[in-house]
2 protein chains.
Amino acid sequence: MTVNDQPTYNPGKGEGSPVGVALLGHGTVGSEVFRLLRENSDEFTHRVGGPLEIKGVAVGDVAKHRGSVDEDLLTTDAMGLIRRDDVDIVVEVIGGIDYPRELVLAALRAGKSVVTANKALVAAHSAELAEAADAAKVDLYFEAAVAAAIPVVGPLRRSLAGDRVESVAGIVNGTTNFILDAMDATGASYDDMLAEATRLGYAEADPTADVEGHDAASKAAILASLAFHTRVTYEDVHCEGISSITARDIEAARSAGYTIKLLAICERITGDDGVTKVSARVHPTLVPRDHPLASVTKSFNAVFVEAEAAGRLMFYGNGAGGSPTASAVLGDLVGAARNKVHGGRAPGESTYANLPVAQFGEVTTRYHVDMEVEDRVGVLADVSRVFSDAGISLRTVRQEESGDAARLVVMTHSAREADLSETVETLKKLDAVKTVNSVLRLEGE
Amino acid sequence: MTVNDQPTYNPGKGEGSPVGVALLGHGTVGSEVFRLLRENSDEFTHRVGGPLEIKGVAVGDVAKHRGSVDEDLLTTDAMGLIRRDDVDIVVEVIGGIDYPRELVLAALRAGKSVVTANKALVAAHSAELAEAADAAKVDLYFEAAVAAAIPVVGPLRRSLAGDRVESVAGIVNGTTNFILDAMDATGASYDDMLAEATRLGYAEADPTADVEGHDAASKAAILASLAFHTRVTYEDVHCEGISSITARDIEAARSAGYTIKLLAICERITGDDGVTKVSARVHPTLVPRDHPLASVTKSFNAVFVEAEAAGRLMFYGNGAGGSPTASAVLGDLVGAARNKVHGGRAPGESTYANLPVAQFGEVTTRYHVDMEVEDRVGVLADVSRVFSDAGISLRTVRQEESGDAARLVVMTHSAREADLSETVETLKKLDAVKTVNSVLRLEGE
């Protein structure tokens, strides 16, 4: 029997059957998953329809986890644990890409359903993982990969399955939101607030993945894939982080009535060639202070979804941390386990729309351009002409003295990224323009 | 073979099989469901795994719907349509209780999955409906019954299936939120703003179900059942509407830093006897103006969920209207249809926790009591003593002249409902108290 002749359903082990779980990883998230599974085991039995049994916990160093996990459950042989006959579901909360990829693929190919919180893995290898899950007729769940406990993957995959999503935009990285919020609240520099975030445990020792937007870009890829029924990977996402945002940028935004947020934005757009495309991007963005996203403070996350029939929806909550991530992992685990007991499969990857991914240059948005210019007659005319030559109309212009130069801040109406970036290059070459301090985008009006 | 010997799974019709849909009702929601199913039929085929085919549309008067629905699909024989062999799923968007109950039960018993937007039906007859669905191994979906397009049922049933929900509180009725928001914004009377809501189509000709809180109470029953894995029906919900809220109440709330919202509140509480119980109630509530629920304006809905591991989550969006409700119905329809094609069942009713429902008197909250009192020495002492005799401590007291009497507004610390209502009865009998204008509750601090 070839794979295609197999029934699409999984008949299930039957009510009351135990479901074996392999836990890969016992760090911040894994230890919470383990604790909650243990403490609430009766509840899980009721919710699944059979007991959830932890068959093993794979770790890098057994000695480190003795005491918090029963000795006989600890193993360094993750692959051996996955392949055990009594393991039905593999929960991957290790992090990284290459090693978990190998483990997750092995699990799926061995007929185990997989629950993962690993955004980097899912965003980089969604096709390969989805194909392995489909071939083996098992489930691949990853609610925890986007915005932790905030249900976003489920709503996009199930609740909005009868609607047409137009855009998804949100704050999906708690570290950068903490830093930007603190900069906005205190006027302090990026470096100082990054140090504060590190001190308080909101930023990791190496904060690159967060502050450069890589983490948010993985989530944008996942959100765009779900929203538009199209395969969008990490590589397709235009990504800019927050490390070049200055106290001056924050202050300029504030005085114009905005705050700066790192947004992941996924849209259905019409490309230059008239074709409907998908755009996914992550960049610091000016958001009006009365927009709901502006009031998302500290390390909270929020995701806006705009759909044809549903209109605008917002989901808000804790987007990171051991417990919130464990909540999402355990919700997925119950779903995967129910299917192992009762039969059936969760909806898998949906890529039928297969829309092309837009070039970043095709995206249109509005801009906030902050320049040092010479303090003399005619400068404003020269600068304005550069914008108008590119067909970009200006919405507001603010000029102020700044020592022996002048500072010129313009906000544009909607323009194409390609036109804007060309315009900025021209501005840089203009005698009248000493430096372009920053180019930021505006959304949410 | 008895029912218990049957496999718990539904094997599915197989990839590519058509799924027959009976649409019961063609009003505001039904016509949107019909339109979207028609316009996006290719998308639905991809998402389901087989074509969704509308087999008939049951209406009360065929003549009224000619032109918008193909003549050969229209029928007044809903029961006949349900029983057709080529109908796999029944979508009920008629409204009311008795007639749809008969139809939905007949559908479930005939092995059809059911999608309904009918909160009154689900809240009044959940047990009977769930048992019929379980016996026939089919799905009963009702995301649209609570807050229309805002995913709430799905997140509680699936995403939070691995967590312990502590409370669910929200604005789940758009009509009353529109009226209260308009009263707050304009200072106008309840009657005037109800008239405005009616004129703009936010209130029905007979607004009773909305303004007296019955609609919100049905939703509270559904939310409490899902959140606490306990059967909670409409009859279990303490319900007070907004028709007695005056411009003076709104003004008093405003001057204390609050706004008044009609909240549905579902909590896990410890009863007088030390037993963990479920409380579900609907009443006008003072909410601090900086609380996220205070900024939910017009006819929007928002639901807060607090769970042990996830922390606080908020879901926000359009809670009513043809298109948003159709979005939720169609999301459910895709889910039910996927199961008909691929096999498996959605999670059904979960009542294993079976917690007792608390008496309203056991609930503790804080209160805002507004009285006319005699304008003489000793009145405040008399009134204070009544509260202290009942063990209720006061948080703020505000007294102001009001003609030949005085107005006394007190806010209490947390107290039991039973103690507070006894206290109010005592106050009413006190010589010093001319009238008790209003007793309102406070939440969200």
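Each chain gets a letter, A, B and so on, in the order the sequences are listed, and its residues count up from 1. Computed from a predicted model, the values in this text were never measured in an experiment.
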May I ask you to check whether A:N318 and B:R312 show a side-chain donor-acceptor distance below 3.5 Å?
no
With chain B as the partner, which of A:S350, A:A148, A:S159, A:G317 has the greatest number of non-hydrogen pairs under 4.5 Å?
A:S159
Side chain, backbone, both or neither: which part of A:L36 has a heavy atom under 4.5 Å from chain B?
side chain
Quick one: which residues of residues 292-308 of chain A reach chain B at under 4.5 angstrom, heavy atoms only?
A:E308
A:A346, part contacting chain B, at a heavy-atom distance under 4.5 Å:
backbone
How close do A:R345 and B:R338 get, heavy atom to heavy atom, and via which atoms?
O-NH1, 3.8 Å
Please classify the contact between B:L313 and chain A as side chain, backbone, both or neither, with a heavy-atom cut-off of under 4.5 Å.
both
Enter the distance from A:R164:CZ to B:S327:OG here, rounded to the nearest 0.5 Å.
12.5 Å
With respect to chain A, which residue among B:P155, B:A353, B:P324, B:A161 yields the maximal number of heavy-atom pairs within a distance under 4.5 Å?
B:A161
B:G321, B:G311, B:G154, B:P347: which one forms the most heavy-atom pairs within less than 4.5 Å of chain A?
B:P347
Looking at B:G331, B:P151, B:A309, B:A149, which makes the most heavy-atom pairs under 4.5 Å with chain A?
B:A309
So which of B:S323, B:G335, B:G162 has the biggest tally of heavy-atom pairs under 4.5 Å with chain A?
B:G162
Proximity of residues 44-52 of chain A to chain B, residues having a non-hydrogen atom under 4.5 angstrom:
A:F44, A:H46, A:R47
